[in-house]
Each structure stands twice: as C-alpha cells, then as structure tokens.
J.: 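After the structure tokens below, expect a handful of questions from me.
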Amino acid sequence: SAKLLQDLDFLPIRVLMIEISERVVTTDESERAQVSTPACARTFQIGVSRPPLLIEDLPTPEMVFAVRNIGWEELILFVLGPSVVALGLAIGSGEWLLGPLSVGRFGFTGIGWVILCSAVLQTFYNVELARFTIATGEPSIVAFGRTPPGYLLWIPLALVCFYLPFVLGGWGLSAGCSLFALFNGRAPLAGDQQAVRNLSVILMLTTFCFLLFGRKIERMLELFQGVVLTFVFVGLIVVTATVVPVSYWAPALLSLITPARIPKGADVSLLSALAGFTALASGLNYMITGLYRDKGYGMGHKAGYLASLFGGGRKELSPHSYIFPEDAKNASCWKRWFRYLLIDQWGIFFTGSIVGMMAPCILVGYLAHQPGAAPPTNESMIVYCAVQLGKRYGYLMFGWALLTGFLLLYKAQIGILDLLARNLTDAVVAAGPRFLRRLGADPRPLYYSSLFLLVIVIIVLINTSPPVDVIINSANLTNLAALIFPAVLIYLNRQLPRPARITWWSYLALAANIVFFGFFFVNFFVLRLTGSPLVRF
C-alpha cells in the first residue's frame, strides 16, 4: 500500500482510479463509452463522454523510429514529416490561385500582412492541436468529443465544418481545369466544361488508386508530397528569381511585416478567402492531427495507424487513449517530442507556407503590372501565370507553369481526399467501438469504404461553376471553424499533465485565431446574407 501511494503521488487524487474489473463503463450516455481495459490499469479522465485515458510512459523517439540516437540526419529522415503532408495540402489553391489573384488585382500593400498573420496564427494553432494528440494519441476529431456536452455535439459538428467546404469538389474541378490547360495549351471555354468534368473524374479515381498502396498511408503521402514540393519549390524560386527584378522583391517582402490599410475597393470575399487558405485552412487545421498519430509521435505510437490496403499489412487501432504520468522521466521525454513538433511546424510548415505563397504572388504580381498585361480574373487565374510567361519567354515557360499548376492542385486533391476519409474513419471508430471490434480492430475496410463513397459523392457534386468561385466560397467557410475550435482546445489542453499543459502564450495565440479569422468570416457571412459587408475596404 505504501508503494502504491508513492506511485500515485504525482497525480491529482481526484482524477485517479484503479480499475480491477475487465470492463470500464465511463458514462451512461451510450454503449460507445464501454471499453475493455487491462486489469489494474491506472486511468486519468479528461473531459466528458469519452473513456478515461490509460496511464503509461511516453515512448522515446528512439524506440518509435528504431534508431540508436536522433541527430540531424535521423531527424530529417525519420522524425519530421507530418508537416510535409500538411504543406503539400496547403500549397495549392490558396497559393497558386487566391494569393496571386489578390496581389495581381490589388498589389502587395495591405495584403502582405494578412498573409503573414494567417500563417503565424495557423502555425500556433497547429501546435496546440498536435499537443493534445501527441500527449494522448487521440486525433482532434476524436478529442473534441471530450468537451461538454460531449461527443454527440462535437464530433458531428467537427465533421460538418470540415466536409462543408471540401465536399463540393472545387479542388477537384480546379485540378481538372489545370490538366485540360496542360493538354490543350489554353484555358477551358464554356463549351469545354464537360471535358473538364471528365478529366476531374479521372483524376479523382487515380487519387483513390494512389491511396491503396504502401505500408503507412501517412508515409506514402509524405514521400509523394516531398518529391512534388521539391520540384515545385525549386522551379518557383528559380523562375521567379530569373524573371522578377530584385527591386520588385524588396517591397513585396516588406509588405509581410508592414501593417497597412487594405487596398480601397478590395473584394471582401476574395480577401477573406485569402486569409482562410493561406498556409492550410484556418480553423479546419484539426484535420491533420491524425498524421501525427500515424507517424508515431508520442502516445500516437501506442494508438496505431492507418495502413494501406496493399503493402501495409493488418494494423490494429487501439481502442484506448493514453496519457503519461507527471514524473521527471516522462517530462524530459515530452520536451523532446514537443521540440520535434516545433521544428516540424515552424521549420517546415510555416517556412514552406510563406515561400509557397510569396513566390507565386511575386511572380504573378510582377507579370500583372507589366505594360499590356490584363489583370487576372477568377476565370483566367488557373492559366494566367502560364499565359503571361508564354507571351514573354516562350513555350518552355508556358509549359512549366501549366505543369506546376497541375501538380500543385493535384497533390492537394490527394491530401484532401485522404483527410476526408481519415477523419470520418476516426470519428466513427470513436463513436462506435463495438463497430471497430467487428472489424477486428482493423480500420482499413471503413477507411476505404469511406474513401470510395466520397469519390462517388464528389464526382456527382462537381459542377460547372468556375472552380475559383467554388474555392473562394470554400476558403471562407474554413474561417467559421476558427470561431469555435480554438476555444475547445483551451478547455482540453489545460487538463493535460503539467509538462504538456497549455502555456500563457498559447492562450493568446488561440484567442487571436478567434478574433482574426472570426472577423473575416463574419464580414463574409453578413455580405452573403445582406449584400453588404460590415466593413468595406
């Protein structure tokens, strides 16, 4: 008894239970909260409506990645990666279409600081999202269910907020438009809409096939996105540095850190969309935290991962979530995991987001302000950069820009489709553990059934509206989630063990997300509702 009291001394007694039975019932709300627990398991409850978390030691990074020691080489080869997948999704329609469209029409003054604020706030938000996942092994779509009044509100709400902007298929249609332009050397016209739709359908089916192979779906996405991003970044930097004089770069980069009035007459919907789709997807970034679980960060290593259908083998998802005890050994281990998270987010995601946004914006902004150049429009934006480069520098530049645009939009399509199916799978598993037991704890049938159904639904929903118009509406809807889920994170992260608990700067960053993205959403919503925004620029 004395030894047991010593072991338990590091946790608040009010939240500690010793479970002797084989089954733990944590709530009477639903049978979903019944999970089989090992005898004598120590548990720690966070929030409501979800089972308690099992108390176990954090695995070390060396254990997770099967290396003797983690230096810079091991860090790059094995540890970093989830942000590469997130960046592959992020560098897409916002960076290739919305940012250059905004700058081409209104210039950098008053636009640049919006880009920087969005990227900074989203990176802080991503860190807070991943904090809970690394500490517990629960992706955000599951963890939100711990917030009162419970999973019946938060998990469906999180899914609806995520699906509403992306299930319309604007990202799929834009990839089809880009491929049409690559094949035909021109933007699609009114009579080409069926051909564009057919290409979009083909691309959607190839995306489904791509996700069938590999050991870990997350690892396959990481490798693919890494290769494509390397090609795109190198090309963008070389072409932009070659075409655009240094005198144009300086004011463009200074606009990032120079607060200024939004240009007079700026399009409210377009500017709000730019804020939402700079970096990733503002309030919807919770969709990426399952990547940290699947990579094996922290307690994600104990939770399992989504394996591919071919080549991945059978991999179970744990029915349990985990938390670590507040002792010196685990506190030290947590600091290491959190340091890797910061490197992954600030070193890869934030840096890549700024480079990925500014390079196309500088290139298109310069081209749009050359003598005789027509300003970009929603309809011309997909091929605008290619057309302007082709006029001035020949067919090679024209083809490079079309290929770059297609790769950017297609890789984003792959990432979005995976995340739509991944988050639905995690939500269903969390809401119905009995269903997972029927699958033998193997989530692949559910994941791939969801994936196939989503492909069919999106193919049906793809319409003939200009893809940039659909993307603008989708980007504005992502800002809605920023009004809601940062507050949920504050509730969850303040209950973690002390080494992982939210800090004062985290409170400020999450509150700033609510204010910044919330303003843009409310302004857009009032515009759509009344025909006049609250604030005109």
Side-chain angles (χ1 to χ4, degrees), residues 58-67 69-91 118-140 143 216-230 233 278-281 284-301 303 305-306 333-357 411 415 418-419 422 489 493 496 499-500 502-503 505-506 509-510 513:
L58 271 169
T60 65
E62 288 79 8
M63 179 192 305
V64 170
F65 300 110
V67 294
N69 182 56
I70 294 181
W72 281 107
E73 181 180 352
E74 292 80 9
L75 184 70
I76 293 169
L77 291 178
F78 303 112
V79 181
L80 303 181
S83 281
V84 174
V85 182
L87 191 61
L89 172 58
I91 308 299
S118 178
V120 168
L121 290 176
Q122 286 190 54
T123 307
F124 274 116
Y125 181 48
N126 292 351
V127 169
E128 293 309 310
L129 287 164
R131 180 193 296 272
F132 196 89
T133 299
I134 296 171
T136 66
E138 287 187 347
S140 297
K216 279 186 183 182
I217 295 172
E218 182 275 338
R219 182 60 175 166
M220 279 293 294
L221 289 170
E222 187 180 307
L223 294 173
F224 173 75
Q225 301 284 14
V227 170
V228 175
L229 282 173
T230 300
F233 274 7
T278 291
L280 190 49
L284 293 182
N285 289 6
Y286 57 78
M287 60 187 175
I288 68 170
T289 55
L291 298 172
Y292 283 100
R293 178 200 63 191
D294 284 20
K295 184 71 173 179
Y297 270 50
M299 288 304 188
H301 178 66
Y305 60 83
L306 285 171
C333 190
W334 168 260
K335 288 180 181 178
R336 295 184 64 201
W337 280 117
F338 197 70
R339 184 167 64 250
Y340 296 149
L341 168 64
L342 294 178
I343 295 172
D344 196 50
Q345 279 294 316
W346 289 102
I348 296 177
F349 180 82
F350 173 75
T351 304
S353 295
I354 294 297
V355 174
M357 176 62 82
K411 68 173 180 50
D418 165 69
L419 291 177
R422 175 186 298 273
L489 271 182
N493 286 352
L496 291 172
I502 191 171
T503 58
W505 54 261
S506 302
L510 291 172
N513 269 270

J.: Among residues at least two apart in sequence or on other chains, which ones pass ring-ring contact (aromatic ring centres under 6.0 Å, His included) with Tyr297?
T.: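 By the ring-ring contact (aromatic ring centres under 6.0 Å, His included) rule, Tyr297 matches Tyr292, Trp337.
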J.: Test of understanding: with side-chain hydrogen bond (donor to acceptor under 3.5 Å, both in side chains), list the residues that count as partners of Gln225, not counting sequence neighbours.
T.: none
J.: With sequence neighbours excluded, tell me which residues meet ring-ring contact (aromatic ring centres under 6.0 Å, His included) with Phe124.
T.: Trp346, Trp505
J.: Leu221 and Ile217: side chain to side chain contact (heavy atoms under 4.5 Å, CB included), yes or no, with the steps?
T.: CA-CA 6 Å; Leu221 289 170; Ile217 295 172; 4.0 Å; yes
J.: Please determine which of Leu341, Ile343, Ile348 meets the side chain to side chain contact (heavy atoms under 4.5 Å, CB included) test together with Gln345.
T.: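 Answer after filtering Leu341, Ile343, Ile348: Leu341.
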J.: Check side-chain hydrogen bond (donor to acceptor under 3.5 Å, both in side chains) between Glu218 and all other residues, then give those that pass, not counting sequence neighbours.
T.: none
J.: Hey, what do you get for CZ (Arg293) to CD1 (Ile134), rounding to the nearest 0.5 Å?
T.: 13.5 Å
J.: Quick one: list whatever passes side-chain hydrogen bond (donor to acceptor under 3.5 Å, both in side chains) with Arg339, sequence neighbours left out.
T.: none
J.: Not counting sequence neighbours, which residues clear salt bridge (charged side-chain N to carboxylate O under 4.0 Å, His left out) with Arg131? List them please.
T.: Glu128
J.: What residues form a side chain to side chain contact (heavy atoms under 4.5 Å, CB included) with Thr60, not counting sequence neighbours?
T.: Glu62, Met63, Cys333
J.: Just to verify, what does Asp344 make a salt bridge (charged side-chain N to carboxylate O under 4.0 Å, His left out) with, not counting sequence neighbours?
T.: none
J.: For Ser140, enumerate each residue passing the side-chain hydrogen bond (donor to acceptor under 3.5 Å, both in side chains) test, keeping only those at least two apart in sequence or located in another chain.
T.: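 Ser140: side-chain hydrogen bond (donor to acceptor under 3.5 Å, both in side chains) contacts with Thr289.
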J.: About how many Å separate CG of Leu87 and CG of Leu229, when rounded to the nearest 0.5 Å?
T.: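 Going from CG on Leu229 over to CG on Leu87, the span is 5.0 Å.
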J.: Between the side chain of Thr351 and the main-chain N/O of Gly347, is any donor-acceptor distance below 3.5 Å?
T.: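 The answer is yes, because a donor-acceptor pair under 3.5 Å joins these two groups.
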J.: May I ask you to decide if Leu121's main-chain N or O and Asn513's side chain share a donor-acceptor pair within less than 3.5 Å?
T.: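 The answer is yes, because a donor-acceptor pair under 3.5 Å joins these two groups.
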J.: How many angstroms lie between atom OH of Tyr305 and atom NZ of Lys295, to the nearest 0.5 angstrom?
T.: 12.0 Å
J.: So, are Asp294 and Arg219 salt-bridged, with charged N and O less than 4.0 Å apart?
T.: no
J.: Could I get the full list of ring-ring contact (aromatic ring centres under 6.0 Å, His included) partners for Phe224, not counting sequence neighbours?
T.: Phe210
J.: According to salt bridge (charged side-chain N to carboxylate O under 4.0 Å, His left out), who are the partners of Lys411, at least two apart in sequence or on a separate chain?
T.: none
J.: In the structure I gave you, are the side-chain heavy atoms of Met287 and Pro139 within less than 4.5 Å of one another anywhere?
T.: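 They are not in side-chain contact.
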J.: About how many Å separate CZ of Arg422 and CG of Leu291, when rounded to the nearest 0.5 Å?
T.: 5.0 Å
J.: The criterion is side chain to side chain contact (heavy atoms under 4.5 Å, CB included); which residues satisfy it with Ala143, sequence neighbours excluded?
T.: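 Listed in chain order: Phe132, Glu138, Leu492.
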